[in-house]
Every structure is written in structure tokens, then in C-alpha cells.
Number of protein chains: 2
Amino acid sequence: MDIHERLLGAAAQVYAEAGYRGATTRRIAHEAGVSEITLFRQFGSKEALMLEALTAASRTAVLALPDVPVDPVRELTEWSRGRFETLFRIRSLLRKVMSEVEEHPEIIDCAKSYPRHPVSFLEQYVRRLQERGWATVDTHPKLAAAMLVGAIFSEAMVRDMIPEVYSYEIDEALDGYVRMFLRAIGCEAGSVEAGEP
Amino acid sequence: MDIHERLLGAAAQVYAEAGYRGATTRRIAHEAGVSEITLFRQFGSKEALMLEALTAASRTAVLALPDVPVDPVRELTEWSRGRFETLFRIRSLLRKVMSEVEEHPEIIDCAKSYPRHPVSFLEQYVRRLQERGWATVDTHPKLAAAMLVGAIFSEAMVRDMIPEVYSYEIDEALDGYVRMFLRAIGCEAGSVEAGEP
DNA sequence: CGGCAATGCAAGTAACCACTTACATACTCA
DNA sequence: TGAGTATGTAAGTGGTTACTTGCATTGCCG
């Protein structure tokens, strides 16, 4: 692998482990199997390296939901599962970014490089359910989306920190969240199977 | 105010702003209006000071829910509001603790000094709703509680970081969350007002 | 072979870190 | 008053940080 890419990967990994201050150039260089000098010759400064590394690391594609809902329970469960796994995989890095936003505002700008936020994907999906009459229209689609996405986010962030509270399995939780979410927006399994207009 | 307490408060505040590594003894002492020497004479080491300061700072009482549910919408909205405000007030400190758990596991032990977790309070409340027949029993009380608490937690943590996503007002959000939560557990407004046995 | 760019090693710089020593000052209470 | 306690100032310890300089080594390409 290219030395440039090895440094980028090492920077993201060490940052996820130790945060900005803890991600020393010495440690990053050692992690990449490169001398510290090479790091500075390639990137000029620690700040430039970290910005490039975090931009690359947080460029995670957001799973799409189908344009035409067919099987809400299955589609939402799969989507939630993917969303959880994405967040859980980069949870250490995300926690560091969240805790350092106030000190390094430029970091979140590169972390927000995704074109659309998952909430807006789910919000759009809820609107389509409402248009088809599969969900009642008295709930705010954005609020509903934020609730499910927020619950999944919390699972990914807190689950491994307070295991005594999150005693259930994650699959059980995601399944339960999706079913409660659908009931909350008035989308019962019966109405979908009946194929209301 | 006592110098001891001033140092504890300053340590918690500076930690919330800059994290463990950023909370230098010099900065803490300056924030408390005390010389750095006094800090070391009072607490011996930075680690001892931080542990005591964070234990004191995270000792926030969890609001209780009534033993006998009377008006679920009102009771849950007030509880959610209090929960959100508590989390939002200490959000900076919480983010730092979350991001440093892996490096300083001893920190979360003092942050977990609360006797009961909010999830278990809400879980118990859902069980009482089910016992009274105000909620259906096909939902797992713990999962339902985790979903609402998780959504509130996300609002408190992320709201000020990505304002373009969280465009709605927080009161509107909490109200919507509670109503969706109640529908999710099968507790419609009608069934409560009707006073089913 | 010769030049050249990328990389490494050794060493050093100025700044900052947690923490200490030595000594002066102020306040309290017997 | 006088002894003890808490706090201050000044200075310095050894360690770590980001970053630099000088020079040797490697490998590739013509």
C-alpha cells in the first residue's frame, strides 16, 4: 500500500483511539511503519494530515431506502441494521469527533461531507408510506425519522459503555424499534397486507 | 466559596471544555483563581482531582415517574423534558467522558454513580401502564423505554452539532416523541380517557 | 553507470506538560 | 503574642510535543 494512504489510515485509527491531542505524530508514524520525518514531508503539518484523514474516514455511504415501499418491516429492519453497523464500526472515531467539535470546529465540516443525512432518507420513506395510505398523516415524518435514527444512534454509541443497561441483543432491539416505529406512524402490518389504496 | 470546591468546579468545567489531556493543571488553577501549587497540595495529583471533580459533577438525580400513571401524555412529556434538560446541560462533559472511556475506564465508574438508570424508571412506568390495561402487552417494556430515552439522548448530544438536521424546536420534538412512544406501546389517548379496567 | 527523488537516522529546537523545592506571606486560634 | 496552617511567588525538574536540520541510504529510470 502507498505510504500516503498508510499514513491516512494510521492517522484515522490512532485518532479514533486517542483523540486529536493523543494522536501524536510519533504514534501515527509508528502505526504506519514510517518515520516521523516522512509524515511531515508528505503532509506538512499534523493538522493537514488529520483533516485529510478524517475526511476520508467519515466518507461512509448512507444506505438508501427503496423509492417504492413494498415490505416496510423488512426494508426498515435491513436499513436500521446497516445504519447501526456503520455507526458501531466507527463509534470510537465518532465519539472523538463529537467531543472535539467545540475545540476543532473544522473537523466536523469534513465529517459532514455526506451529501444527505440518514434522517432525510427515512423521512422521505415515511412520506411515501403516508402517500400510499399505509401510514396515518397525523405524525410529523421528520420527527418520526429522528426518533428511530436517534434510538439507533444511541445503541451504537452507548451499548458498549453501559452493558448492564443494554442487556438485550442488538437484533432483538432493532426489530423491536422498527415495529414500534411503524405502530407509532400508524402503519400496522394488517393495513399493508390488505393493500389499502 | 471554599478553595477546595472552587478547584472541583473549575476542574469539571475545564474538563468539559477541553477533555482530560486539555484540562491542564495550570488552566484549572487559573480558572479557580488559585495558584497551581495549591492544587497539588490539596489533591496530590491531577488524576485524584479529576476523579473527585467528575464524581461530583455527574451526581445528577434522575427524575422519577409517578408510581400510579394518571395522565401519561403529561407525565411523560414533563419527564422527557427534564431528562433532556439534564443531558443537554452537561452535554459537553458527557461527550468528553464518552470519548475517553477507552483510555480512562476509571472515569465512567464515577460517572455511573447514579443508583438507577433512567431506562429502568421508564421501563417500570410502561409495565404499570400495561398492568392497568392502558398499553398492549406485546411490546417489550425495556425496548420501548430504550427507544424513547435513546431518542432524547440523541437530541441532547447532536442537536447543537448538526443544526441543519434538527430544524424543529425541542419542545415540539419531545411532544412528538412522547405521542409516538405511547402509540408504539398501544396506549392511545382514547383508551386512557375511557378508563378501561 | 549516474543522477534524482523518496525515505531513514541522529540530533536538536522551543514550547508545553505534571509536578517539586525553597522560601515568603497571611490568617487563625490558643 | 506566638505557633501552626494555608496560600503565594520564583524557579526548576524531567518528560513529551510538533517540527526542523544535516546527512546517509535506498531504489528507480535513463
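Computation of the quantities below employed the complete heavy-atom set of this structure, encompassing side-chain atoms and omitting hydrogens, waters and symmetry-equivalent molecules. Please read these numbers as outputs of a predicted model, since none were measured by experiment. Reminder, nothing fancy here: chain letters follow the sequence lines and each chain counts from 1.
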Integer-rounded Å distance: [N] [atom2] and [X] [atom1]:
| X | N | atom1 | atom2 | value |
| --- | --- | --- | --- | --- |
| B:E36 | D:dA10 | CD | C1' | 13 Å |
| A:I3 | D:dG27 | CD1 | P | 12 Å |
| A:H4 | C:dA5 | NE2 | C1' | 17 Å |
| B:H30 | C:dC17 | NE2 | P | 13 Å |
| B:M50 | C:dA18 | CE | C1' | 14 Å |
| A:L39 | C:dA6 | CG | P | 16 Å |
| A:F40 | D:dT20 | CZ | P | 7 Å |
| A:R21 | C:dC17 | CZ | P | 9 Å |

**Asked** Less than 4.0 Å between a side-chain N and a carboxylate O, is that true for A:D160 and A:R89?
**Response**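 A:D160 and A:R89: not salt-bridged.
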**Prompt:** Between the side chains of A:E47 and A:Y20, is a donor N or O closer than 3.5 angstrom to an acceptor N or O?
**Reply:**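 There is no such pair (donor and acceptor under 3.5 Å, judged by atom type) between the side chains of A:E47 and A:Y20.
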**Prompt:** Any idea which of C:dA18, D:dT7, D:dT21 is nearest the B:T38 side chain?
**Reply:**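 Of all the options, the side chain of B:T38 is nearest to D:dT7.
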**Request:** Taking only the side-chain heavy atoms of B:T24 (C-beta and beyond), determine which of D:dG8, C:dC17, D:dT17 contains the nearest atom.
**Result:**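 Within the option list, the nearest is C:dC17.
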**Asked** Any side-chain heavy atom of A:W79 sitting closer than 4.5 Å to one from A:P118?
**Response**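 A:W79 reaches A:P118 side chain to side chain.
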**Prompt:** Is the A:F43 to A:H4 ring centre distance short of 6.0 Å?
**Reply:**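 Yes.
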**Prompt:** Between A:R41 and B:K46, who's closer to the 5' end of DNA chain C by nearest nucleotide?
**Reply:**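 The residue mapped nearer the 5' terminus is A:R41.
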**Request:** Name the residue closer to the 5' end of DNA chain D, choosing between B:I37 and A:G44 according to the nucleotide with the nearest heavy atom.
**Result:**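 The residue closer to the strand's 5' end, by nearest nucleotide, is B:I37.
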**Short side-chain N/O contact to D:dT7 OP1/OP2 from B:S35, under 4.0 Å** =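 Negative; the distance criterion is not met.
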**Message:** Quick check on D:dA6: is either OP1 or OP2 less than 4.0 Å from any side-chain nitrogen or oxygen of B:Q42?
**Reply:**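 Answer no for this pair, as no side-chain N or O of B:Q42 is under 4.0 Å from OP1 or OP2.
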**Asked** When the ring planes of A:F88 and A:F84 are compared, do they come out parallel, tilted or perpendicular, using 30° and 60° as the limits?
**Response**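 Plane angle under 30°, so parallel.
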